[in-house]
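Everything numeric in this text was worked out from a predicted model, so none of it was measured. Chain letters run A, B, ... following the sequence lines, proteins first, then strands; residues in each count from 1.
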2 protein chains.
Amino acid sequence: MATKTELRRQELRDNLITIAERTIAKKGLTALRARDLASEAGCAVGAIYNVFGDLTDLVLAVNARTFHRLGADVAEALAEAPQDPVEQLVIMAQAYHRFAADNHLSWRALFDVERAPGEAAPDWYLQEMGQLFTYISDPLAAIFPDRDSHELALLTRALFSSVHGIVLLGLDEASAGVPSDDIDRMIALVLRQIAIVK
Amino acid sequence: MATKTELRRQELRDNLITIAERTIAKKGLTALRARDLASEAGCAVGAIYNVFGDLTDLVLAVNARTFHRLGADVAEALAEAPQDPVEQLVIMAQAYHRFAADNHLSWRALFDVERAPGEAAPDWYLQEMGQLFTYISDPLAAIFPDRDSHELALLTRALFSSVHGIVLLGLDEASAGVPSDDIDRMIALVLRQIAIVK
DNA sequence: AATACTACTGAACTACGTTCAAAGTAGTCA
DNA sequence: TGACTACTTTGAACGTAGTTCAGTAGTATT
């Protein structure tokens, strides 16, 4: 039965996710504190643990939203891209870069959650990842119609990882970050070169 | 004057780095605890703070050693590599992969130290990084003699970042890691393709 | 309305990194 | 050598986290 209690719990859950989302976006994962969260949400600290197993679970819920927004941005970029599959790859990768730059701290939180060792990533994570991979493998299949599916899968993963690496190190201001235009240029360099059919 | 005290401090310093190095290698950065460290080193907790500003400083000292070993491994691979510049790139990248796989937790610690926001990476970090970049840019200059230095610098960074990304996501067992051979294959796929001169 | 069950609360517990007053030690000089 | 001074080391105590759970308040059932 969907009781008053259950509704209240659902409301608190959403509320906590939204507050945590804002905190992470503004101040980063490390600024997330159970007591602050509770006082902002107007509930007791213990209440958080009625609704989430621990703070990591809450962060994962925030990350699900972030990942979803990321996927939507990439999909939108793809929808507006020209037919040329190489350009599609470049545009998607640059959308990934833009998302990471515009949502830096939230994006970092995607990778900075500490997962219990040996624990697999949650299902939604693997699914969103799979969705991103599909966006990439479709243009790749058009570029390389002769390659078998395993090779295409590897190339897909390789390209995603490459773009991720370029963005990750490019945005890392500690090691004297790279100008945004140069990041886009590196992405284009790698992807256009990859797409050359010998 | 290089006194008895100073010697003792130096000894403690080295000792702490070695212990921390072993702990990080075996159990990861998050298992590093001031009290455990002190008891293993046979000193008081406070003594750590006579020798390092805080635990992050100690981790940075460990990372300096790790980074140095990494650089040496890559240099060794390069020394044994054939003359062909493309093969040199592939072999170095695979040495990077092997180091990361064989020293997983120590390698992760290189990137997982939390740096104070706005704080630049320490000098030795930038220098070792620069050394790695040189290893890459030399073969690249041989492959692309016509490109200007800015473009080569971008390509160097792009390739390093790409390989880093492939290894990072490939070794991440949380998202169902990739078999070691496939990581090597992805590296080779990207680097060989990059090196095709149109 | 009385009863039984469930959910919420927040003080208390544990586990950290870090500090600093007190105790110890090294260097100096008569 | 022994007394004095300055520096070094110590570890109990502090502050700040995440998390728990006995007590209380609220909800559903009869």
Side-chain angles (χ1 to χ4, degrees), chain A residues 1-17 19-24 26-63 105 109 112-117 119, chain B residues 1-17 19-24 26-63 105 109 112-117 119:
Chain A
M1 58 186 107
T3 62
K4 206 144 111 187
T5 302
E6 235 164 278
L7 280 177
R8 202 158 10 108
R9 279 170 74 97
Q10 189 56 49
E11 210 175 315
L12 176 62
R13 207 185 134 84
D14 287 356
N15 198 10
L16 284 172
I17 296 174
I19 293 168
E21 199 173 14
R22 195 172 53 230
T23 304
I24 291 173
K26 273 202 231 165
K27 314 212 167 153
L29 191 53
T30 58
L32 198 70
R33 228 126 291 179
R35 285 167 180 76
D36 295 351
L37 214 47
S39 92
E40 264 201 81
C43 69
V45 265
I48 297 170
Y49 295 87
N50 294 331
V51 173
F52 294 100
D54 55 25
L55 283 197
T56 297
D57 279 358
L58 170 55
V59 174
L60 287 177
V62 172
N63 282 354
L105 294 173
D112 290 348
V113 221
E114 52 180 310
R115 289 152 296 188
E119 181 110 5
Chain B
M1 51 184 113
T3 62
K4 206 144 111 185
T5 302
E6 234 163 280
L7 280 178
R8 206 160 4 112
R9 282 170 73 97
Q10 188 58 48
E11 210 175 314
L12 177 61
R13 207 186 134 84
D14 287 355
N15 199 8
L16 285 172
I17 296 175
I19 293 169
E21 199 173 15
R22 196 174 50 230
T23 304
I24 290 173
K26 273 202 231 165
K27 313 212 168 155
L29 189 53
T30 57
L32 197 70
R33 227 127 289 176
R35 283 167 182 77
D36 295 351
L37 215 45
S39 93
E40 264 202 80
C43 70
V45 265
I48 297 170
Y49 296 88
N50 294 332
V51 174
F52 294 100
D54 56 23
L55 283 196
T56 297
D57 280 357
L58 170 55
V59 173
L60 287 177
V62 172
N63 282 353
L105 294 172
D112 290 348
V113 221
E114 50 180 311
R115 290 153 294 191
E119 180 109 5

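Considering only residues two or more places apart in sequence or on other chains, B:Glu40 meets the side chain to side chain donor-acceptor pair (under 3.5 Å) condition with B:Arg22. Shown here are the side chain to side chain donor-acceptor pair (under 3.5 Å) partners of B:Glu11, two or more places apart in sequence or in another chain: there are none.
The CG atom of A:Leu29 lies 5.0 Å from the CD1 atom of A:Ile24; values are rounded to the nearest 0.5 Å. Taken from CG in A:Leu12 to CG in A:Asn50, the straight-line distance is 8.0 Å, to the nearest 0.5 Å.
Between B:Thr30 and A:Glu114, the shortest heavy-atom distance links the atoms CG2-OE1, 4.0 Å. The shortest heavy-atom contact between A:Asn15 and A:Ala41 is ND2-O, 4.2 Å.
If you take CG of A:Leu37 and P of C:dT9, they are 14 Å apart, rounded to a whole angstrom. Atom CG in B:Leu12 sits roughly 8 Å away from atom P in D:dT10 (whole-Å rounding). To the nearest angstrom, P of C:dT19 lies 16 Å from CZ of B:Phe52. Here the C1' atom of nucleotide C:dA7 and the CG atom of A:Leu7 are 15 Å apart, to the nearest Å. Rounded to an integer number of Å, the gap from B:Ile48 CD1 to C:dG17 C1' is 10 Å. One interatomic measurement links the two molecules: CG of B:Leu29 to P of C:dG17, which rounds to 11 Å at whole-angstrom precision. The distance from atom CD of B:Gln10 to atom P of D:dT8 is 14 Å, rounded to the nearest whole Å.
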Which letters describe nucleotides 13-22 of chain D, given B = protein heavy atom under 4.0 Å from base, S = only from sugar-phosphate, - = neither?
B---SBBB--

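Contact between the side-chain N/O atoms of A:Arg8 and the OP1/OP2 oxygens of D:dG26 is not found at any separation under 4.0 Å.
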